[in-house]
Amino acid sequence: MIPNALVKEFRKAKNIVAFTGAGISAESGIPTFRGSGGLWEGYRVEEVASPDGFNTNPVLVWKFYDERRKNIFKAVPNTAHTVLAKLENYYNVWIITQNIDGLHIRAGSTNVIELHGNIWRVRCTSCNYKDINEDVPLKDLPPKCPECGSLLRPDVVWFGEPVYDLEKAFHVAENCDIMMVIGTSAQVYPAAYLPLYAKQHGAIVININPERTPVDDYADFSIHAKATEALSSLYQKLQEAFQEE
Ligand code: OAD
Ligand code: ZN
């Protein structure tokens, strides 16, 4: 599954970026968005994941997020998350994730850019209040700001809103030797430009996904497998290679 030419690239590399999407958490039991059984199936995205939807019906939106929080609360990081954390023993690693589940941080990764925010953070819709809220289920629905009494919202990025830390993400993509794209359909821009941008700045691009995605058009290596399988095979190969050194 892991070609020797790929291992060779890892032997030369110093800076690794992993750009991840919902597929990396699928094997932790968190549904992806698109496709059959996806989270967007059965929901109108505009109703539950847009500023207008929240203004129209904050209780509906909070119920949706309360359900997602219950599901994510039960989930634990899988081998794909933990392998990425362990790579920090050998490389400078940055994780750029579109996921809001916090599983990369729980797996032990230290440099994590959460482009779409984090489902365990809340922020006020009026003042600057921002905090961690890990209540499962939520105590008040919808929750209110303890400082000014306005509505709190999940500190996640909704459709039509700018993503977090995009500049930083492009900076690390520009400076990496290897860009691993894992479990994303690569359809949501501008984040989906990151792997191409890395490639244009000299990185080797690896796409890990059981399905074909637009990244395969320019990736140096396409591994059509589940994230846990691909990353555990890769880690095993890398350890063999490091032992030879
Ligand atoms: P998608 O649901 O669009 O894509 C998930 C990808 O994961 C698909 O390409 C699957 O083939 C792949 N996949 C499924 N199981 C996998 C496994 N075990 N291992 C590896 N890959 C697997 O999710 P994203 O690309 O993350 O944004 O979607 C990007 C953004 O669109 C999300 O962050 C969300 C959504 O709308 C916001 O909510 C702002
Ligand atoms: Zn407030």
Side-chain angles (χ1 to χ4, degrees), residues 1 18-41 43-51 53-54 61 64-65 68 72 75 78-81 83-84 95-101 103-104 113-119 122-131 142-164 166 169 180-195 206-216 219 222-234:
M1 182 191 304
F19 174 53
T20 67
I24 197 169
S25 296
E27 292 167 84
S28 292
I30 301 172
T32 60
F33 296 94
R34 294 173 180 79
S36 68
L39 195 60
W40 291 151
E41 203 181 60
Y43 279 101
R44 285 164 54 95
V45 177
E46 321 82 78
E47 273 177 9
V48 293
S50 80
F54 187 72
V61 173
F64 171 73
Y65 279 92
R68 287 181 72 186
I72 291 171
N78 63 49
T79 317
H81 298 103
V83 164
L84 292 177
I95 311 286
I96 306 172
T97 189
Q98 300 164 90
N99 300 342
I100 59 175
D101 55 36
L103 290 185
H104 286 297
I113 298 173
E114 294 181 312
L115 292 173
H116 291 160
N118 188 300
I119 198 163
V122 292
R123 67 179 165 92
C124 181
T125 50
S126 312
C127 74
N128 287 328
Y129 178 83
K130 204 181 236 207
D131 202 5
K144 304 268 171 51
C145 176
E147 282 175 14
C148 76
S150 305
L151 275 179
L152 291 176
R153 58 166 281 178
D155 192 16
V156 301
V157 172
W158 285 329
F159 286 89
E161 295 183 318
V163 304
Y164 288 120
L166 191 64
M180 305 169 78
V181 184
I182 309 167
T184 177
S185 62
Q187 288 182 25
V188 178
Y189 289 87
Y193 283 125
L194 286 161
I206 305 165
N207 191 30
I208 297 174
N209 196 312
E211 308 288 333
R212 229 193 119 72
T213 77
V215 177
D216 290 314
S222 291
I223 302 170
H224 291 299
K226 290 182 174 178
T228 55
E229 290 164 5
L231 283 163
S232 48
S233 304
L234 173 70

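Counting convention: from 1, in listed order, for ligands and their atoms alike. Numbering of residues begins at 1 and proceeds along the displayed sequence.
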Under 3.5 Å: N/O of Arg34 near N/O of ligand 1: yes
Aromatic plane relationship, Tyr65 with Trp158 - under 30° parallel, 30 to 60° tilted, over 60° perpendicular: tilted
Phe33 N/O to ligand 1 N/O under 3.5 Å: yes
Enumerated ligand 1 atoms positioned under 4.0 Å from heavy atoms of Val157: 39 (C)
Between Thr79 and Thr228, a side-chain donor and acceptor under 3.5 Å: no
Sub-3.5 Å N/O-N/O distance, Lys226 and ligand 1: no
His116, any N or O under 3.5 Å of ligand 1 N or O: yes
4.0 Å heavy-atom contact, Gln187 with ligand 1: no
Contacting atoms of ligand 1, where contact means under 4.0 angstrom from a heavy atom of Val188: 29 (C), 30 (C), 31 (O)
Pair Glu161-Arg153, salt bridge (Lys or Arg N to Asp or Glu O under 4.0 Å): steps then yes or no: CA-CA 14 Å; Glu161 295 183 318; Arg153 58 166 281 178; 2.8 Å; yes
Value rounded to 0.5 Å, distance of CD1 in Ile208 from CD1 in Ile182: 4.5 Å
Glu27: numbered ligand 1 atoms lying under 4.0 Å from its heavy atoms: 17 (C), 18 (N), 19 (N)
Enumerated ligand 1 atoms positioned under 4.0 Å from heavy atoms of Ala227: 17 (C), 19 (N), 20 (C)
Angular separation of SG (Cys145) and SG (Cys124) seen from the Zn ion (ligand 2), to 10°: 110°
Minimum side-chain heavy-atom gap Arg68-Ile100 below 4.5 Å: yes
Shortest reach to atom 6 (C) of ligand 1 by a heavy atom, considering only Ala80, Ala230, Ala192, Gly183: Gly183
Any Ala49 heavy atom less than 4.0 Å from ligand 1: no
Element-labelled atoms of ligand 1 that are located less than 4.0 Å from some non-hydrogen atom of Phe159: 36 (O)
4.5 Å side-chain heavy-atom contact, Asn209 and Ile24: no
Pair Thr97, Thr20: side-chain N/O donor-acceptor within cut-off below 3.5 Å: yes
His81 NE2 to Asn99 CG distance, which is reported to the nearest 0.5 Å: 6.5 Å
Derivation of the side chain to side chain donor-acceptor pair (under 3.5 Å) call for Asn207 and Ser222: CA-CA 5 Å; Asn207 191 30; Ser222 291; 5.1 Å; no
Close side-chain approach of Tyr193 to Leu166, heavy-atom, < 4.5 Å: no
Contact (N/O only, under 3.5 Å) between Ala225 and ligand 1: no
Angle in degrees, rounded to 10°, that SG of Cys127 and SG of Cys148 form at the Zn ion (ligand 2): 120°
Nitrogen or oxygen of Ser185 less than 3.5 angstrom from that of ligand 1: yes
Numbering as shown, the atoms of ligand 1 that approach Glu211 to under 4.0 Å (heavy-atom distance): 11 (O)
Heavy-atom nearest option to atom 16 (C) of ligand 1, drawn from Ala22, Gly23, Ser50: Gly23
Contact check, side chains of Leu234 and Met1, non-hydrogen atoms, under 4.5 Å: no
Options Ala26, Pro31, Ser28, ranked by nearest heavy atom to atom 15 (N) of ligand 1, top entry: Ala26
Atoms of ligand 1, numbered as shown, that sit under 4.0 Å from any heavy atom of Gly21: 26 (O)
Polar side chain donor-acceptor pair, Asp155 to Tyr164, under 3.5 angstrom: yes
